[in-house]
Amino acid sequence: MKIKFLLMLTSVVFFLNACSKDDNEVAETLETPVANAPKDVNDNGFKAKWNYVSYSKSYLLDVSTTENFASFVPNYNAKEVTDLNEVVVGLTGGTQYYYRVRAKNQTEISGYSNVISVVTTGSSGIPEDPTFLKIKANKLANPFFVGMAIKASQLTNGSPYDIILKNEFSSISAEYEMKMDQISTASGVYNWTVADKIVAYGNANNINVHGHALVWHNSVPQWLKDFSGTDAEFAAEVKKYITDVVTHYAGKVKSWDVVNEAVDDNGGVMRNTIFLQRMGPNYVKDCFQWARAAATAAGDTSLLLFYNDYATSANTAKQNKVFSIVDDLKASNVIDGVGFQMHNTYLSPTKAQIETDLNKAVSKGLKIHVSELDIQVNQANDISSFTNERRLAQKEKYKEMVKIYNALPAANKYALTIWGMKDNESWIPFNAELNHPGNDWPLLYDSNFAIKSSHTGFLEGLD
C-alpha cells in the first residue's frame, strides 16, 4: 500500500511539473498583438480595440498624448484588461491621443503592438491658425515651395482665389490646362492662350510655375490618337510636341512633369498606353531626353525634370517599378526629381510607408515634389457630413505629411503642392470610381474659402 501511494504521489508531481513546463513554453510564445482603429470616438473618450492573442490571459493598455509614450494618461499606464477592447474615458475634446497594447500570460508579457492615433471630437477652443502658409514655410531653415493646383478661370485679379494664391502660395501647377490635349490642336499647331495666362500669372506675381504634364495617357489629343503614320513618325510627333512646349516656356516654367503615371497599378509593369504601344518600353527615357535636349538648346539649363505618379507608398510592386524607371533615367542624367502625388486618406498610407517611399528618392539624390496632395475623409462613403472626428483626423494627417516632408534633407526638397483650393471644387467628391459623389472634404479651404483645421495642421507640420 505504501509503495502504491508513493507511485501515485510521484505521478502527481510529474504531472504538475509537466503542466508548469507547458505553461512556460506557451507563455514564451505570446505573439505581439495588433491594435485596431478605435470605435465610438466622442468628446471625452473612445473605445480602444485589438486582436486576440493565443494563450494570453489579459492585455496591458497604454494611452498617451505623445507618440513616444513619454507620459501616460492617468489610469492608462499598463492598465490590465481581460477583454479585446476597453472604453477609455476622462479625456479632453479635440485632442490627439495614442494607444498601444501588450499581451500577458501570468508573468510573461509580449512586445508592444502597433501604435494607433485618435483625435477626440469637439473643439479645444483654439481658433484655426490664420498664418499664411508660404510665410511660415519661408522662415524655415530649409524652405520649400508651397504649391496649389489652379485653373486659369481662378486668376482674375482681386478674386478670392487670387487673394489666397498671392498670400499663401509660392508655386502653382495647372490642374489640367497645360496638358497635351489642351495645347496641341494638330501636328505643330498649338493653342497657347490658356496656358500662357497661367504662366504669365505666376511670373508676374513671383510665384514658381510647375508644368504639368508633357506626356499623360489620359490627355492625348484626338488627332494623335487617330495618327495613321508609322510608329517612328508617331514618336517624331511626340518629340516635336515636347520640344516645342519646353522651348515656348523656357525660362518661364521652372519644372515639368515630363511623364505622368506610366506604371500600372497591378503587377509592377508599365501601363499599357498608346505611348507604350507605339513607342516601346523606352518611351519614358525618350521623352526625358527630348525635354532635356530642348531645354539645353533654349539655354534653360536650370529646368527641373520630374517623373510623376500616384499610390506608390502602399503598393510595393508599383513603387519598385517606378524606381526601376527612375534609376534608368538617373543613369542617363535626364531626371532631377520624382513627383509623389499623395492622394491619400485620413487612414492611409502610414507614416512609415510614406517615409520609405520618399527616402528611396532621397537615397538617389533626387528632388521630391509632393505634387498633388489631398486627404480624403470619406473613402468608405460612411458619413454624410463632415464630422468633428474626421475634421480632426484629417488635420493630423496633413500635419503628419508636412512633418515628413519638412524633415527631408534640404537638397531633396522642392515643393509640396495641394491639389485644389476648395472642397467643393476638388476632383475627389465627384469621381465615380471613388464611389462617394459629392461627399468628401479633402482640402484646406471649405466651399466659402474659409480655412479648415487641415490648414492649421499644415502649419503645425512646419513647426
Are [X] and [Y] linked by a side-chain donor-acceptor pair shorter than 3.5 Å?
X      : Y      : answer
Glu261 : Gln341 : yes
His455 : Glu168 : yes
Glu128 : Ser453 : yes
Asn406 : Lys413 : yes
Gln353 : Asp357 : no
Ser348 : Thr345 : yes
Lys166 : Asn206 : no
Asp440 : Gln379 : no
Tyr445 : Glu425 : no
Ser371 : Asn308 : yes
Asn36  : Asn51  : yes
Asp257 : His369 : no
Tyr176 : Asn218 : no

Determine, step by step, whether Lys225 and Gln222 satisfy the side-chain contact (heavy atoms from CB on, under 4.5 Å) criterion, reporting the C-alpha distance in whole Å, the side-chain angles of both residues, the deciding distance to 0.1 Å, and the verdict. CA-CA 5 Å; Lys225 291 180 182 178; Gln222 194 62 45; 3.9 Å; yes
I'd like to know whether Glu400 forms a salt bridge (Lys or Arg N to Asp or Glu O under 4.0 Å) with Lys403, so could you lay out the CA-CA distance, the side-chain angles of the two residues, the decisive distance to 0.1 Å, and finally the verdict. CA-CA 5 Å; Glu400 176 185 87; Lys403 284 182 74 70; over 6 Å; no
Roughly how far, to the nearest 0.5 Å, is the [atom2] atom of [Y] from the [atom1] atom of [X]?
X      : Y      : atom1 : atom2 : answer
Trp441 : Asp374 : CH2   : CG    : 14.5 Å
Phe340 : Leu373 : CZ    : CG    : 13.5 Å
Glu175 : Ser426 : CD    : OG    : 8.0 Å
Asp300 : Lys254 : CG    : NZ    : 7.0 Å
Phe145 : Asn208 : CZ    : CG    : 4.0 Å
Thr273 : Arg278 : OG1   : CZ    : 12.0 Å

With distance as the sole test, does [X] use its side chain to make a donor-acceptor pair with the main-chain N or O of [Y] at under 3.5 Å?
X      : Y      : value
Glu237 : Phe234 : no
Ser64  : Ser71  : yes
Asn359 : Glu355 : yes
Thr296 : Thr301 : no
Tyr98  : Asp62  : no
Ser184 : Met180 : no
Lys367 : Val362 : no
Asn260 : Ala213 : no
Asn191 : Thr193 : yes
Asp446 : Ala450 : yes

So, [X] and [Y], do they make that salt bridge, N to O below 4.0 Å?
X      : Y      : value
Glu177 : Lys197 : no
Arg271 : Asp309 : no
Asp463 : Lys399 : no

What I'd like to find out is whether the side chain of [X] reaches to under 4.5 Å of the side chain of [Y], using heavy atoms alone.
X      : Y      : value
Ile242 : Cys287 : yes
Met401 : Lys351 : no
Tyr307 : Phe288 : yes
Asn44  : Thr120 : no
Val253 : His248 : no
Pro429 : Asn424 : no
Met342 : Leu358 : yes
Arg100 : Pro33  : no

Take the angle between the ring planes of [X] and [Y] and call it parallel below 30°, perpendicular above 60°, tilted in between.
X      : Y      : value
Tyr97  : Phe46  : tilted
Phe227 : Trp223 : perpendicular
Trp256 : Tyr249 : tilted
Phe306 : His210 : perpendicular

CA sep, side-chain torsions, deciding dist, call: Phe169, Ile164, side-chain contact (heavy atoms from CB on, under 4.5 Å): CA-CA 8 Å; Phe169 296 94; Ile164 289 173; 3.9 Å; yes
Evaluate the side chain to side chain donor-acceptor pair (under 3.5 Å) criterion for residues Gln277 and Asn272: first the C-alpha distance (whole Å), next the side-chain angles of each, then the deciding distance (0.1 Å), finally the verdict. CA-CA 7 Å; Gln277 294 163 9; Asn272 187 23; 3.2 Å; yes
Apply the test side-chain contact (heavy atoms from CB on, under 4.5 Å) to residues Val118 and Val88: give CA-CA distance (whole Å), side-chain angles for both, the deciding distance (0.1 Å), then the verdict. CA-CA 11 Å; Val118 55; Val88 179; over 6 Å; no
Distance under 6.0 Å and angle within 45° of ring axis: [X] vs [Y]:
X      : Y      : answer
Lys422 : Phe449 : yes
Arg391 : Phe386 : no
Lys318 : Tyr310 : yes

For the salt bridge (charged side-chain N to carboxylate O under 4.0 Å, His left out) test, which of Lys285, Lys364, Lys321 pairs with Asp328?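 Only match with Asp328 under salt bridge (charged side-chain N to carboxylate O under 4.0 Å, His left out): Lys285.
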Pair Phe144 + Tyr414: ring centers closer than 6.0 Å: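 Judged by ring-centre distance (under 6.0 Å), Phe144 and Tyr414 do not meet the cut-off.
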Are Phe275 and His217 an aromatic pair, judged by ring center distance below 6.0 Å?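 Centroid distance His217-Phe275: not below 6.0 Å, so no.
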Under the salt bridge (Lys or Arg N to Asp or Glu O under 4.0 Å) rule, what do Arg390 and Asp382 come out as? Steps first, then yes or no, please. CA-CA 11 Å; Arg390 297 293 167 87; Asp382 60 338; 2.7 Å; yes
Closest heavy-atom contact between Leu305 and Ile335?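 So the minimum-distance heavy-atom pair works out to O-CG1, 3.5 Å.
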